[in-house]
Amino acid sequence: MKFTCETVQPLLCSYLDGELSEAQARPTRAHLLDCLACRETVQEGKVIRRWLAGAREDVEVPRGFSARVARRAFAGDPGLLVPASPPIGLRVAGPPSLLPFILKLSALAAAVLFFFSLLIQRTSLPAGDDLQASDRSWMFEPAAVEVPAPALEEDVLGTAEEVPGAEESVEDPESTDR
Amino acid sequence: MQPAVTEDTTLVEETLGGNQLSFQLLVERYQSRVFGLVRHYTRNGVEMEDIVQDTFIKVYRKLDTFQHQSSFSTWLYRIAINTALDFLKRAGRNPVRAVEDPEIVGTPGAGGSARSIAAPDSNLEREEVARITHEVLDEIPEIFRTVLVLREFEEMAYQDMADLLGISIGTVESRLFRARARFKDALVRLHPEYAVGISTR
């Protein structure tokens, strides 16, 4: 199978990097033997690789870096850039963080304050000398009131009649002074 | 490679079991490579150390989520690149992002095109070659710079790069092709003395 420039061009990068299968590399090599333009493209790629290869530098790792990082990781250090929670399922060595304890204490204090605020609200109804908010039994138990018997007048005819307005003398529980 | 992979797996399991020394050994195995990778995102030594440290702390925090679908190094590099990019974003130094303009593919900058570029002069000091190369790399969009760095400095295979970046092998090929074109254009723009056969349109 003979490759054309149009076929080979997209493959040249992979050819340069040794990523082509032999089935593709063989016809690519054959094409390069005959095509100056494609050969120049490959050559240019090699020049770029020489520039990049020339920039390879040994990096000096700070002394004690690995021990320092391992210590911080196991201590639950979240890192400088992104705060994070400790990994799930991993035992973390080192002193525990105070933050969870502080958060729990704050939540407990908030709950206690809320409870007390409710309690204060219930007991803060206006209280007079006689009226006490905590005692509301008067709302439910009718006062023991003596209802005077209707006054009777002797009828000229000798029958007893209720005195008009006598009913009005029945005490209204709501108006009774205690 | 198999023994290294087995050793990584053992160290990961021991770390998950709470062994701090095993994690330290894991860091030692990869710290140079991660520093080398992060160096292409910042040249500041303090920033480099912060980013690499945060990378390994993230690795430790997420170790229980590592499912061995890719190699440990691929997973580690992904975290390192994301950490470096996050750092740059927070520092207000957003890396240059490419607009995937098909018209730009294979097309040199307007106003002129160099047929080719010259190799670094053999008389040029190694430090100068490195300085020029990093200067050029800083000019190209981050998605292109990343594939060039992974390929040329970390010598990663296309499949590993695809796994790391979460893209297809075809996209890796395409980005590498464009990355090299961008590198050439930027080198010519910044250092025209290395252009060969400049022609104008």
Side-chain angles (χ1 to χ4, degrees), chain A residues 9-20 36-37 39-94, chain B residues 15-18 20-21 23-28 31-32 35-36 39 45 48-54 56-64 83 86-87 90 115-120 124 126 129-134 136-137 148-149 151-153 157-158 169 173-174 176-177 180 183-184 187:
Chain A
Q9 284 283 333
L11 300 177
L12 290 180
C13 192
S14 302
Y15 174 79
L16 183 67
D17 293 331
E19 290 277 342
L20 287 185
L36 177 62
R39 273 207 308 275
E40 284 182 347
T41 301
V42 173
Q43 189 60 31
E44 189 174 274
K46 288 183 178 178
V47 169
I48 292 172
R49 299 192 79 181
R50 283 179 63 181
W51 276 100
L52 292 163
R56 280 199 193 125
E57 298 168 304
D58 291 329
V59 181
E60 191 175 335
V61 177
R63 193 174 177 150
F65 179 79
S66 59
R68 195 161 57 246
V69 168
R71 196 166 46 246
R72 287 185 179 171
F74 270 69
D77 190 327
L80 295 170
L81 300 178
V82 180
S85 55
I88 297 171
L90 290 181
R91 288 182 282 121
V92 178
Chain B
T15 300
L16 286 171
Q20 183 174 324
L21 182 59
F23 184 65
Q24 181 179 330
L25 292 173
L26 204 54
V27 173
E28 271 176 26
Q31 58 187 11
S32 294
F35 266 97
R39 187 192 47 207
M48 239 191 290
E49 187 172 345
D50 288 347
I51 293 170
V52 177
Q53 178 178 269
D54 270 25
F56 282 110
I57 288 178
K58 274 188 196 174
V59 162
Y60 172 75
R61 286 189 354 242
K62 297 183 181 187
L63 206 54
D64 59 332
T83 304
D86 283 345
F87 175 85
R90 285 165 187 262
R115 272 211 203 119
S116 187
I117 52 174
L124 210 58
R126 188 181 174 83
V129 173
R131 187 192 67 78
I132 292 172
T133 301
H134 287 295
V136 172
L137 279 173
L148 265 186
V149 165
R151 177 65 211 170
E152 302 297 341
F153 294 103
Y158 282 19
I169 288 183
E173 287 175 339
S174 166
L176 265 176
F177 175 79
R180 285 168 175 150
F183 184 92
K184 184 191 85 172
L187 179 62

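All chains are named by letter (A, B, ...) in the order of the sequence lines, taking the proteins before the strands, and each is independently numbered beginning at 1. None of these values were measured; they are calculated from a predicted model.
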### Message
I'd like to verify something: which residue of B/A157, B/A130, B/S32 has the highest number of heavy-atom pairs under 4.5 Å with chain A?
### Response
B/A130
### Message
Need one label for A/A67: side chain, backbone, both or neither, based on atoms under 4.5 Å from any heavy atom in chain B.
### Response
both
### Query
In terms of heavy-atom proximity below 4.5 Å to chain A, should B/V52 be classed as side chain, backbone, both, or neither?
both
### Query
Closest approach of A/G79 and B/I57, non-hydrogen atoms and distance?
CA-CD1, 4.0 Å
### Query
Any ion pair linking A/R49 and A/D17 (charged N to carboxylate O, less than 4.0 Å)?
yes
### Summary
Note: B/P120 and B/V129 closest approach over all heavy atoms is CB-CG2, 4.0 Å
### Query
What closest approach, in Å, do A/I48 and B/R180 show between heavy atoms, and which atom pair accounts for it?
CD1-O, 3.3 Å
### Message
Need one label for B/L137: side chain, backbone, both or neither, based on atoms under 4.5 Å from any heavy atom in chain A.
### Response
side chain
### Task
Identify which part of A/R71 has an atom lying under 4.5 Å from any heavy atom of chain B, answering side chain, backbone, both or neither.
both
#### Entry: Over 12 non-hydrogen atoms of neighbours within 6.0 angstrom of CZ in A/R50
no
### Query
So what's closer than 4.5 Å to chain A heavy atoms on B/R151: side chain, backbone, both or neither?
side chain
### Message
So for A/L11, is it side chain, backbone, both, or neither that comes closer than 4.5 Å to the heavy atoms of chain B?
### Response
neither
## Note on the structure
Ranking A/R56, A/R68, A/K46, A/Q43 by heavy-atom pairs under 4.5 Å to chain B gives rank one to A/R56
### Query
At a heavy-atom separation under 4.5 Å, does B/F183 approach chain A through its side chain, its backbone, both, or neither?
side chain
#### Entry: Main-chain N/O of A/W51 paired to B/T133 side chain as donor or acceptor, under 3.5 Å
yes
### Message
Quick one: does any side-chain atom of A/E19 pair with a main-chain N or O of B/Y158 as donor and acceptor, under 3.5 Å?
### Response
yes
#### Entry: Largest heavy-atom contact set with chain A, pairs under 4.5 Å, which of B/L148, B/I169, B/I132
B/I132
### Task
Give the C-alpha distance, both sets of side-chain angles, the deciding distance and a yes or no for side-chain contact (heavy atoms from CB on, under 4.5 Å) between B/F87 and B/D54.
CA-CA 10 Å; B/F87 175 85; B/D54 270 25; over 6 Å; no
### Message
Please identify, among B/R126, B/Q31, B/E28, the residue contributing the most non-hydrogen atom pairs under 4.5 Å to chain A.
### Response
B/Q31
